[in-house]
Amino acid sequence: MRYCKFFILFILLSVFACKNDSKQIITDEVYKEVDFSNMVYPQLDTENSRWFFFSSACRPFGMVNLSPDNEIDGAWGSGYRYKTDTIKGFSHIHGWQISGVSVMPVTFSEENKNSIFTDFYSKFSHDNEVVKPGYHSLELQRFNIKTELTSTKRVGFHKYTFPEKSEAGILLNLNTVLGPSDNANGILKQINDKEFVGSVVATPTHRRPKDLKVFFKIALNQSVNHLQKDEETGNYMLHFKDLNTPLLMKVAISYTSEENASLNMKTELQHWDFNAVVSDSKDEWNSLLGRIKVEGNTEKQQKRFYTDLWHALQGRRTISDVNGAYPDNTGKSFRIGQLPLKEDGTPKFNHYNSDAFWGAQWTINTLWGLVYPEIYEEFTWSLLQYYKDGGLVARGPSGGNYTFVMTGSSSTPFFVSAIQKGILKNNLEYVYEALKKNHMPNGIMEKAGYEHKTQKGGGLKYYLKNGFVPHPNPEGKFGGHQDGAGLTLEYAYQDWTLAQLALKLGKKVDYNYFMKRSKNYQNLFNKKIGWMQPKNIKGQWQADYSPYNYEEGFIEANGAQSTWFVPHNIPELGELMGGKDVAADKLNTQFEEAETLNFTSGTSHASELHPEYRKIPINYGNQPSIQTAFTFHKLGRPDLTQYWSRKVTSTVFGGLAPSTGYNGDEDQGLMGSLAVLMKIGLFQINGGTDADAEYQIGSPIFDKISIQLHPDYHSGKTLEILATDNNETNVFVKEATFSGKSLKEFTLFHKDITSGGVLNMKMEARDN
């Protein structure tokens with residue numbers, strides 16, 4: 001049925017706030033009638049996934065991210081890979097540049113008893129697999145073992161049903177290559193016949209420069225017959241006899257100590273009721289997913305929507321213990337840090353491991369700010385903790401340390417948006433000074449991607465002196481992503497966002513200073529050719545330049561895509577191009593060309609096979625140009641925003657299969673968040689960093705969208721979005737009202753929509 005209705009009626013839910021963690025705020029018993037988690041398809045795009053992409057037996061932002069591994073060598077093409085039919089273990093950590101604690105249940109025979117430490121992989125079939133948020137089950141065909149996985153935030157919970165009269169074992173493959181990092185120096189100590197503690201070192205990666213030690217505690221519901229250590233591999237085997245009932249195993253993780261791993265287990269999982277943990281996990285996921293309810297369109301698109309929303313709550317992982325202890329690697333030597341505590345002795349917030357916030361201004365800034373403000377606030381506190389410890393607000397921390405992943409100061413718009421929306425309210429002078437430090441010499445802007453030992457790769461001194469970062473960098477190669485034109489555009493936008501905070505705090509001198517810097521993008525616009533173009537150290541335009549050549553001065557993009565990276569001043573960019581109409585026509589032509597390539601350069605494999613994809617003028621497979629459909633809005637053509645955003649949504653974010661999903665790089669919820677925003681028809685071109693935090697209205701794909709507003713952050717209860725006469729043809733908004741008031745500009749402000757109300761849109765088709 002084209003307009004299949006998932007919800008029979010709208011249920012007004014009573015809510016309360018758990019302000020400083022990601023727990024449920026929806027408690028109405030009627031709510032449990034709707035199982036949003038059952039709408040999630042975790043296998044989406046898993047033929048192309050990377051180490052931190054896939055999740056199953058996991059809580060939102062959990063320290064433990066327990067799932068099976070089909071490939072284990074490298075950060076890319078590893079973890080759960082749908083087309084690989086072999087299980088190589090079940091590991092507990094799938095995070096940004098971290099991995100750890102791989103286990104594998106086995107049975108013994110005369111053929112394998114002497115080789116089991118090196119020959120333990122098993123085939124499996126998707127026919128005998130169940131994957132849901134918080135649960136994963138499959139059968140190891142080689143050993144005839146049914147495996148089931150679930151978890152709390154910090155404790156993995158395993159259930160293994162072995163064949164009758166078998167000699168069973170659990171291999172702890174502690175010394176192995178595991179995703180982005182080697183796991184080494186693994187040790188296991190026996191406490192009694194049911195309890196063990198140990199640790200393993202996740203060795204440094206190209207991006208994470210220091211060792212990270214992972215501590216763990218194991219508890220079993222049945223006694224171990226004996227413990228075996230293999231001297232060749234350094235790994236361990238737990239042997240069991242006469243298992244007549246399923247074996248249950250808890251594995252608690254900590255990055256600080258064995259004692260805190262034990263405390264995490266004692267606090268979060270005292271019982272042995274496996275099904276209760278599965279049910280509790282489902283409830284927690286439903287609580288978050290259920291904050292947005294959609295009606296209309298097809299069941300497939302509803303499932304894809306909740307899968308996108310699920311990804312928006314994935315990837316970034318907790319690294320602090322239940323008592324607030326956390327690993328601090330920002331100094332010369334490792335130390336155990338302590339988060340501030342509330343009156344009841346629990347931490348005020350969790351500390352996080354996170355990929356960069358590069359592109360977050362168009363994704364989680366808006367989605368979290370509207371739907372998950374308590375999560376947003378907690379992440380700002382975590383980033384400030386890195387500032388307190390190491391002197392810089394992190395842009396992509398891993399293992400309790402800076403990784404300097406990507407470029408610029410992407411945390412600045414993340415903070416400024418939170419402040420403009422009233423999510424972060426306290427100590428704003430302190431926050432401003434922390435952010436400002438990153439924009440000045442010796443701050444994060446000076447470091448290009450993965451540049452750990454110098455301050456030259458980011459070219460900031462040239463940006464400050466000449467108004468642009470030259471390309472190539474005249475001082476040599478120091479990291480990755482040293483593309484000068486891309487850096488210049490990024491810095492200019494981020495300077496503008498910091499200027500908005502300076503204005504809010506009455507810092508007029510700083511405001512004028514950063515506003516002047518924010519115009520540096522003009523120095524790279526070549527009016528003769530109508531594109532942004534790199535300049536060398538002498539200020540000369542790059543020779544033999546083509547705006548369609550990939551990474552010719554631009555970061556993970558080409559000049560055609562990056563020309564529009566002026567989200568803070570699109571009208572002025574339009575004037576540079578000859579006027580808004582000229583600019584809109586130019587961008588429209590780019591979309592028409594991009595449509596022939598499905599709006600994306602595809603996976604890295606596709607780009608290698610078909611280099612023409614890298615020349616695409618608009619790419620919705622990576623972050624640099626994902627705002628462009630809404631750029632039309634600022635050029636006076638919201639109709640083109642509606643048309644192209646709907647085209648992109650159906651083409652790039654419409655699939656529901658292991659072979660497709662994000663058609664590029666899904667960095668820890670960024671592209672999932674983007675898909676959600678485009679599907680509900682709300683976007684923020686400047687990341688919500690202006691004083692009013694303006695939203696641009698697009699073209700929602702559902703007939704009705706109901707968003708529960710958080711009572712601790714928003715004055716209203718519910719935001720409803722209604723799209724009358726909505727279908728695949730009627731993608732244009734004929735007229736729009738908000739709570740009865742006409743919206744001629746098709747824009748709304750954060751303070752208005754968070755007061756609650758109804759956004760009503762009359763949809764129509766147009767011939768031209």
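We number each residue from 1, following the sequence as shown.
- Figure legend: Arg316 and Phe357 shown as a cation-pi pair, the cationic atom lying under 6.0 angstrom from the six-membered ring centre and within 45 degrees of its axis.
- Judged by distance alone, the side chain of Arg395 and the main-chain N or O of Met406 form a donor-acceptor pair under 3.5 Å.
- A parallel orientation is assigned to the rings of Phe404 and Tyr402, their planes being inclined by less than 30° (bins at 30° and 60°).
- Classification of the His714-His750 ring pair by plane angle, with boundaries at 30° and 60°, yields perpendicular.
- The structure places OG of Ser181 at 8.5 Å from CG of Leu212, a figure rounded to the nearest 0.5 Å.
- Between Arg335 and Asp389 a salt bridge is recorded (basic side-chain N to carboxylate O distance below 4.0 Å).
- Side chains of Ser55 and Gln314: a donor-acceptor N/O pair is present below 3.5 angstrom, by distance only.
- Side-chain atoms of Thr689 do not come within 3.5 Å of backbone N or O of Thr497 as any donor-acceptor pair.
- Remark: Lys213 pairs with no residue by the salt bridge (charged side-chain N to carboxylate O under 4.0 Å, His left out) rule, at least two apart or across chains.
- No salt bridge links Glu666 with Arg50; every basic N to acidic carboxylate O contact stays at or beyond 4.0 Å.
- Looking only at atom types and distance, the side chain of Tyr713 has a donor-acceptor partner in the side chain of Glu377 under 3.5 Å away.
- Side-chain N/O atoms of Asp495 and Tyr463 include a donor and acceptor closer than 3.5 Å.
- In summary, the aromatic rings of His439 and Tyr491 are positioned with their centroids too far apart to meet the 6.0 Å limit.
- Between the side chains of Gln97 and Ser398, no donor-acceptor pair is found at a separation under 3.5 Å.
- Under the 6.0 Å cut-off for aromatic ring centres, His206 and Tyr450 qualify, their centroids lying closer than that.
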Verdict with reasoning, Lys437 to Glu446, per salt bridge (charged side-chain N to carboxylate O under 4.0 Å, His left out): CA-CA 11 Å; Lys437 188 174 180 180; Glu446 282 199 329; over 6 Å; no
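- Proximity of the aromatic rings of His94 and Tyr80 is defined here by a centroid distance below 6.0 angstrom, and this criterion is not met.
- When ring centroids are compared, Tyr386 and His351 come within the 6.0 Å threshold.
- A centroid separation of 6.0 Å or more is found between the aromatic rings of His471 and Phe554.
- Under 4.0 Å is where a charged nitrogen must lie from a carboxylate oxygen, and between Glu259 and Lys266 no such pair does.
- For the residue pair Asp321 and Thr256, a side-chain donor N or O sits within less than 3.5 Å of a side-chain acceptor on the partner.
- The closest side-chain donor-acceptor pair between His481 and Thr407, if any, does not fall under 3.5 angstrom.
- With Thr412 contributing its side chain and Gln494 its backbone, the two residues share no donor-acceptor pair below 3.5 Å.
- Under 3.5 Å, the side chains of Tyr387 and Asn438 contain no donor-acceptor pair of N or O atoms.
- Between the side chains of Gln361 and Tyr493, no donor N or O sits under 3.5 Å from an acceptor N or O.
- Judged by distance alone, the side chains of Gln623 and Asp667 do bring a donor and an acceptor atom under 3.5 Å apart.
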Go through Glu378 and Lys348 one step at a time and tell me if the salt bridge (charged side-chain N to carboxylate O under 4.0 Å, His left out) criterion holds. CA-CA 9 Å; Glu378 187 174 36; Lys348 290 185 176 180; over 6 Å; no
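- Each of Trp96, Tyr372, Phe379, Trp285 was checked for a ring-ring contact (aromatic ring centres under 6.0 Å, His included) with Phe61, and the lone residue meeting it is Phe379.
- For the residue pair Lys447/Gln455, the side-chain donor-acceptor check at 3.5 Å is satisfied.
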Run Ile555 and Glu490 through side-chain contact (heavy atoms from CB on, under 4.5 Å) and show every step you take. CA-CA 10 Å; Ile555 301 159; Glu490 193 171 340; 4.1 Å; yes
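- Remark: the Thr366 side chain and the Gln684 side chain contain an N/O donor-acceptor pair separated by less than 3.5 Å.
- Although no hydrogens or angles enter the test, the distance criterion places a donor-acceptor pair under 3.5 Å between the side chain of Trp362 and the main chain of Ile685.
- Of the possible donor and acceptor atoms, none in the side chain of Arg154 sits under 3.5 Å from a partner among the backbone N and O of Glu268.
- Side-chain polar atoms of Arg59 and Ser281 form a donor-acceptor pair below 3.5 angstrom.
- The minimum heavy-atom distance between Met265 and Val155, with the atom names listed, is CA-CG2, 3.8 Å.
- A side-chain donor-acceptor contact under 3.5 Å links Asn260 and Asn323.
- One finds a salt bridge joining Lys507 and Glu429 here, because a Lys/Arg side-chain nitrogen approaches an Asp/Glu carboxylate oxygen to under 4.0 Å.
- One distance of note links CG of Asn466 with CD1 of Ile537; it measures 5.5 Å at 0.5 Å rounding.
- Between the side chain of Thr403 and the backbone N or O of Val405 there is at least one donor-acceptor pair closer than 3.5 Å.
- Side-chain polar atoms of Asp355 and Gln668 form no donor-acceptor pair below 3.5 angstrom.
- Under a 3.5 Å cut-off, the side chain of Asp182 and the backbone N or O of Thr203 do not form any donor-acceptor pair.
- The aromatic rings of Trp381 and Phe349 sit tilted relative to each other, their planes meeting at an angle between 30° and 60°.
- Aromatic pair Phe415/Tyr432: centroids not less than 6.0 angstrom apart.
- Screening Leu178, Ile72, Asp69 for a side chain to side chain contact (heavy atoms under 4.5 Å, CB included) with Ser99, the sole residue that qualifies is Leu178.
- A donor-acceptor pair under 3.5 Å is absent between the side-chain atoms of Ser518 and the main chain of Trp496, judged by distance alone.
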